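None of these values were measured; they are calculated from a predicted model.
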Protein chains: 2
Amino acid sequence: MATIYDVARLAGVSPATVSRVFNGTSVSPQKTEAVRRAAAELRFTPNRAARTLRRQSSEVIALIIPDIENPYFTEMARGVEDVASTAGYSVVLCNSDSQTEKESTYLRIAMAENMSGVILAAASDDPDIDEVLATGRPVVAVDRRTGREIDGVMMANREAGRIAAAHMLQLHDRVAYIGGPENIETAAERAQGWRQAHRDAGRAAPDELLRFSTFRVDGGRAAMEELLRLPEPPDAVVAGNNLIGVGAIQVLTEHGLTPPRLGVAVIGSLPFTTLSPSVVSVVRLPAREMGVTAARMLLARIDGDRQQARTVVLGGELLSAEPAP
Amino acid sequence: MATIYDVARLAGVSPATVSRVFNGTSVSPQKTEAVRRAAAELRFTPNRAARTLRRQSSEVIALIIPDIENPYFTEMARGVEDVASTAGYSVVLCNSDSQTEKESTYLRIAMAENMSGVILAAASDDPDIDEVLATGRPVVAVDRRTGREIDGVMMANREAGRIAAAHMLQLHDRVAYIGGPENIETAAERAQGWRQAHRDAGRAAPDELLRFSTFRVDGGRAAMEELLRLPEPPDAVVAGNNLIGVGAIQVLTEHGLTPPRLGVAVIGSLPFTTLSPSVVSVVRLPAREMGVTAARMLLARIDGDRQQARTVVLGGELLSAEPAP
DNA sequence: TTGAAAGCGCTAACAC
DNA sequence: GTGTTAGCGCTTTCAA
């Protein structure tokens, strides 16, 4: 790989001038042209490690998510990437696998690589970000709060849970809820919405129909199996995220209870569904928009935005499978 | 962030000794201990930009895929990541979006960042990798060939197509095929398998039932719609990849033809399916294994393996929905 | 506008 | 085994 010295020699200028051409400071038109020509001829690309070392920052942002195989997060990643790449930033996608340890490793790497900032969908409610913040690098939280005074983009989880459950309660009596791990705020909030819907309908929330599981397909499967084994099983279920929805519907299908035989509402889009859209209600969560918003906030911070930390809350949209009364 | 000079001062040794402690060359136990203590106290993490600049290589590998929202590729990514992170390497996941231009950009970044190697699922059959290869960095091709003499891990595409079609031909007469873009080898090979199956069965391949589309859900949808509008529609269909399968089944469902009313075989796993496993035949492609194998080959090359380029071909596994005769 | 030169933090060759 | 030192390729003062 050619260096600026090679380019400088070929163009008959100093290395500093080459650098200036590539960084937009004023250079005479002739020299600019000569440098461009030489750079093209040598297929010169600035060495990023050197640039990063010198500048103490690189045009890379880290996006750390808990599950790269979950379409909700990949959709969000697309949003982040589109905004970032338009602004000339690259995105490094890191999969924490919901493990705080892996997450910390990636956070250290982000620092050690002098990355410009981090977008974090945290694996726990107390992620290891203080050191990153101490270096002055911005962090934006997505989907899950961090307990820090930083920018964030969240979903209206409680409201999403409430809408989904309320919708089911219009046509069903015993509406179950399967959520993610109780210690993850997202999951807890959505469950609160389910409770709220019962209260709003003047009923007691049937806690025997509430299950906290994992945000994965197998979690949805296990919980649904359990619910069906109950002496008095539910006649409808709210799935706390997309993958739980998939697992629950799989189990229902295996038991001959494919929706709408048993009512199903899912929080988040049903990924790659092959069901008719008219049989399952979905509270669509705008994942891509969450990514776009987070990326914009982060870039603004990188550009020196110093205003107080803001949290943007995005609402879900009910795509109803069943008629409102 | 602390530097090795800070650590050296605190530990009462030279910077070189600190470096040695972190790089495994011989240092006396006492000094090692002193350095470790000082490093811990200062929360020292080696600056990667500096290390990379000096070493001319970083412990990062790039994984470039055409569609980050396709579970086939994210499953592969998991395989790559598991192997790489065990070996102390980080994986940077790049989404080329099937655009050769974006792909080239990421390849340049990989070079400019001095990454150790690249795993590439190419967007075209002639990707822009010669410069990377010229720098001596290894590239391993996955899923799609590159026309270069480099290591690769491919699926037995033709065979997968043949098995899927042969299976459908056991119970059906008019077996259609919907594949990805004809100019992508993967797609063309699988279609050849479909033709082969017809020949093997002593029939002419019904080319009016062959559709080349995109490897996405909308591609599968459009092609399936077309096929159903035919004066003499098919009674079974082979989907050339997972997402085409999803799109095709969606359309069938909307037309009241949910499998098994019309026979469906899919090449690749049906992502997050909510169908009963007994209604759709799947030729499972071992995506994770492809990633694992590719990562191992790449790491071996990085470690100096100089043997001739090899291509590993992985076979698919038929998960049958319908009884063999 | 341009060039010379210092230095970002680290590693590796060399000297002891 | 350990320290000194040069230098990876770039950006950015400082002077001209």
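- Looking at the side chain of A/Ala50, the nearest of the listed nucleotides D/dG9, D/dG3, C/dC10 is D/dG9.
- Here the side chain of A/Arg54 is nearest to one of D/dG9, C/dA4, D/dT11, namely D/dT11.
- Across D/dC10, D/dT2, C/dG9, the shortest atom-to-atom separation from the side chain of A/Gln56 is found for C/dG9.
- Counting only heavy atoms from C-beta on, A/Arg20 has its side chain closest to C/dA4 among D/dT4, D/dG1, C/dA4.
- Following rounding to the nearest Å, B/Asn114 (CG) and C/dT11 (C1') show an atom-to-atom distance of 14 Å.
- Side chain of A/Thr3, nearest nucleotide from C/dG3, C/dT2, D/dC10: D/dC10.
- With 3.5 Å as the limit, one finds no donor-acceptor pair spanning the side chains of A/Thr25 and A/Arg20.
- Atom CG of A/Asn47 and atom C1' of C/dC10 are 14 Å apart (whole Å).
- The side chain of B/Phe44 lies closest to C/dC10 when the candidates are D/dG9, C/dC10, D/dG3.
- Within the nucleic acid shown, A/Thr17 comes within 4.0 Å of sugar-phosphate atoms alone, with no base atom in reach, counting heavy atoms only.
- In this entry the distance linking CD1 of A/Ile4 with P of D/dG9 reads 10 Å, nearest Å.
- Among the protein residues, A/Phe22 comes within range of no part of the nucleic acid, since none of its heavy atoms lies under 4.0 Å from any strand.
- Using a distance-only test at 3.5 Å, with no hydrogens or angles considered, no donor-acceptor pair links the side chain of B/Arg288 to the main chain of B/Gly79.
- Taking the side chain of A/Ser26 as heavy atoms from C-beta on, and the options D/dT11, C/dT1, C/dA4, the nearest nucleotide is C/dT1.
- Paired with A/Phe44 under the rule side-chain contact (heavy atoms from CB on, under 4.5 Å), one option of A/Asp6, A/Ile4, A/Val35 passes, and it is A/Ile4.
- With 3.5 Å as the limit, one finds no donor-acceptor pair spanning the side chains of A/Arg144 and A/Asn157.
- In this structure, B/Arg51 atom CZ and D/dC8 atom C1' are separated by 14 Å, rounded to whole Å.
- Nearest nucleotide to the side chain of A/Lys31, out of D/dT2, C/dC10, C/dT2: C/dT2.
- Ring centroids of B/Phe215 and B/Tyr72 are separated by 6.0 Å or more, keeping the two rings apart.
- Comparing C/dA4, D/dT2, D/dT4 against the side chain of B/Ser28 picks out D/dT2 as the nearest.
- Nearest-nucleotide positions on DNA chain D for B/Pro29 and B/Arg55 put B/Pro29 closer to the 5' end.
- Put simply, A/Asn23 has a side-chain N or O that comes within less than 4.0 Å of OP1 or OP2 on D/dT11.
- For B/Ala16, counting side-chain heavy atoms from C-beta on, the closest listed nucleotide (C/dA12, D/dG9, C/dT2) is C/dA12.
- The residue A/Ser19 sits close to a base: some heavy atom pair falls under 4.0 Å.
- Judged by distance alone with a 3.5 Å cut-off, a donor-acceptor contact links the side chain of B/Tyr5 to the base of C/dC10.
- Within 4.0 Å (heavy atoms only), A/Arg48 reaches no atom of the nucleic acid at all.
- Not a single donor-acceptor pair under 3.5 Å links the side chain of A/Asp143 to the backbone N or O of A/Ala121.
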